[in-house]
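Before any comments, here is the structure.
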There are 2 protein chains.
Amino acid sequence: MPGRELLTAPVEDYLKAIYTIGKGTGAAATNEIAQRLALAPASVSGMVRRLADQGLLAYERYHGVKLTESGRRAALRTLRRHRVIEAYLAEALGYPWDRVHEEAERLEHAASDELVDRMAATIGEPEVDPHGAPIPTKDGSVDETVYTSLADLIVGASGVVVRVAGEDPEMLRYLGELSILPGKRITVKSRAPYDGPITLGSGRHEMSIGPALAAHVLVAPLADRAGKHG
Amino acid sequence: MPGRELLTAPVEDYLKAIYTIGKGTGAAATNEIAQRLALAPASVSGMVRRLADQGLLAYERYHGVKLTESGRRAALRTLRRHRVIEAYLAEALGYPWDRVHEEAERLEHAASDELVDRMAATIGEPEVDPHGAPIPTKDGSVDETVYTSLADLIVGASGVVVRVAGEDPEMLRYLGELSILPGKRITVKSRAPYDGPITLGSGRHEMSIGPALAAHVLVAPLADRAGKHG
DNA sequence: GGACAAAGTTAGGACATACTAACTTCTTTC
DNA sequence: GAAAGAAGTTAGTATGTCCTAACTTTGTCC
Ligand SMILES: [Mn+2]
Ligand SMILES: [Mn+2]
Ligand SMILES: [Mn+2]
Ligand SMILES: [Mn+2]
């Protein structure tokens, strides 16, 4: 096994951020990392150099960073912890889905591999977290399927919600109230022009949401085919 | 509510150490704190001054420290977290009792009050951790009963094991093998002179342990009365 | 009551992480 | 291809925690 748990909490969060920005293999810009971690860009420059020295990142001054293979493995390990913990909190401890993220953001750095494995086993080796995000396996593979968002479904098309992107608790609570949750089947009934509200049907309910919110709802298209609107 | 979760992990560990050394209200010596936390005494001097400045400790140079009321509350909060987590790991996740401590030592700093409360509720509001140590309540009270150790029971006396003091995994595993566990009823059969082995009876089993180990096994005396040996 | 050992403190430095302010490099636009 | 604005970096500083080495205080013992 490679260099064990010598990674600090900030380092793990950097790697996770870089992973999600680069979608696994792409590059991440300094400013984007800074924004995601709520840090000053100058702080990111400094840290990124250190991580590159440790062989976790490939870094070219003024040109952003990419994860190395070792950095990617570390990022996926943290991501697995994060998502297993979220799933466990929801399943085993009755946490509401809008509050699992914050808790997991801290626990992911403190939980041992053994704990995470026991959690996963206890709730039946879940494949996704409560928001529908795929849980990396222990050997570091993840489902990288790219889904369409509700904002991109054409009028008349239906889809099953597979994932809600983003972790803002207010947003999650609102979607929960609307019952827009992973597993739900939703049809786009109409779409107002000029980025206007999108009207959705789910079961016998009908509702309207803005395109910004709709963009956070990822679906697996059904029946009809999906396409860019507008 | 007073100054919320602004305490760092090292600070929480200091307060916990000072609490246990002083048994809640007594003073703790610099060297003892240093030893318990595996730090250099000089490091303790520095930290202790900062904690005193924050109002968590009463500190007189060259004369050790005591927890203030606010320090005591913080210590008990961490101790509660630690012990609830240990109990939860053992009960809900099947952790062996010799491995809960290490995990709890990290999680205690990352778990929110809500998580700890949910854990406690899920396993039925336990009153002791897997080693028999009392769990402080949310409002900061603890059972401070002082128990006799097996090393102090007179020959012929019996007791029920209420607690095993210390967290060395090897020791805990060994006691587990001997089935010397909280709840077990044990009788002192004989005691060899000059700090020699103590022979114990438990059910139909008989066994012999050294006095150093026996001192870690705390019992509630039964039937016969307890007294100093020798 | 003075000497010595034990206990404790200060001094000085390291390392990780963050910040602001000032500077440099890159990219876009005409 | 030069200017302007965006993006990114460096310099200098702060904070928290720890270390070792050198010093001071305390308590004990003759
Ligand atoms: Mn999350
Ligand atoms: Mn985190
Ligand atoms: Mn413990
Ligand atoms: Mn701890």
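The figures here come from the full heavy-atom set of this structure, side chains too, leaving out hydrogens, waters and symmetry mates.
Rounding to whole angstrom units, CG of residue B:Leu51 and P of D:dC18 are separated by 10 Å. When the P atom of D:dT15 is taken as reference, atom CE of B:Met47 falls 15 Å away, rounded to whole Å. Between the CG atom of A:Asp53 and the P atom of C:dT17 there is a distance of 13 Å, rounded to whole Å. Here the P atom of nucleotide D:dT20 and the CG atom of B:Leu39 are 11 Å apart, to the nearest Å. Between the CG atom of A:Leu6 and the P atom of C:dC15 there is a distance of 16 Å, given to the nearest Å. Between the CD1 atom of A:Ile33 and the P atom of D:dA7 there is a distance of 14 Å, rounded to whole Å.
One finds no side-chain N or O of A:Tyr14 lying less than 4.0 angstrom from the OP1 or OP2 phosphate oxygen of C:dA16. At the phosphate of C:dT17, OP1 or OP2 sits under 4.0 Å from a side-chain N or O atom of A:Arg50.
With A:Asp113 as the fixed residue, the side-chain hydrogen bond (donor to acceptor under 3.5 Å, both in side chains) test singles out one of A:Arg118, A:Lys138, A:Arg77, A:Arg81: A:Arg81.
Sorted by first then second residue, the salt bridge (Lys or Arg N to Asp or Glu O under 4.0 Å) pairs that include residues 13-22 of chain B, not counting sequence neighbours, are B:Asp13-B:Lys16, B:Lys16-B:Glu105, B:Lys16-B:Glu108.
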Reading 5' to 3' through nucleotides 5-12 of chain C, protein heavy-atom contacts under 4.0 Å coded B for base, S for sugar-phosphate only, - for none
--SBBB--

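Residues A:Arg99 and A:Glu103 form no side-chain contact, since every pair of their non-hydrogen atoms from C-beta on lies 4.5 Å or further apart.
At distances below 3.5 Å, at least one donor-acceptor pair connects side-chain atoms of A:Arg83 with backbone N or O atoms of A:Pro134. Between the side chain of A:His131 and the backbone N or O of A:Trp97, at least one donor-acceptor pair lies under 3.5 Å.
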Run the side-chain donor-acceptor check on residues 49-61 of chain A: report pairs under 3.5 Å with partners two or more places apart or on a different chain.
none

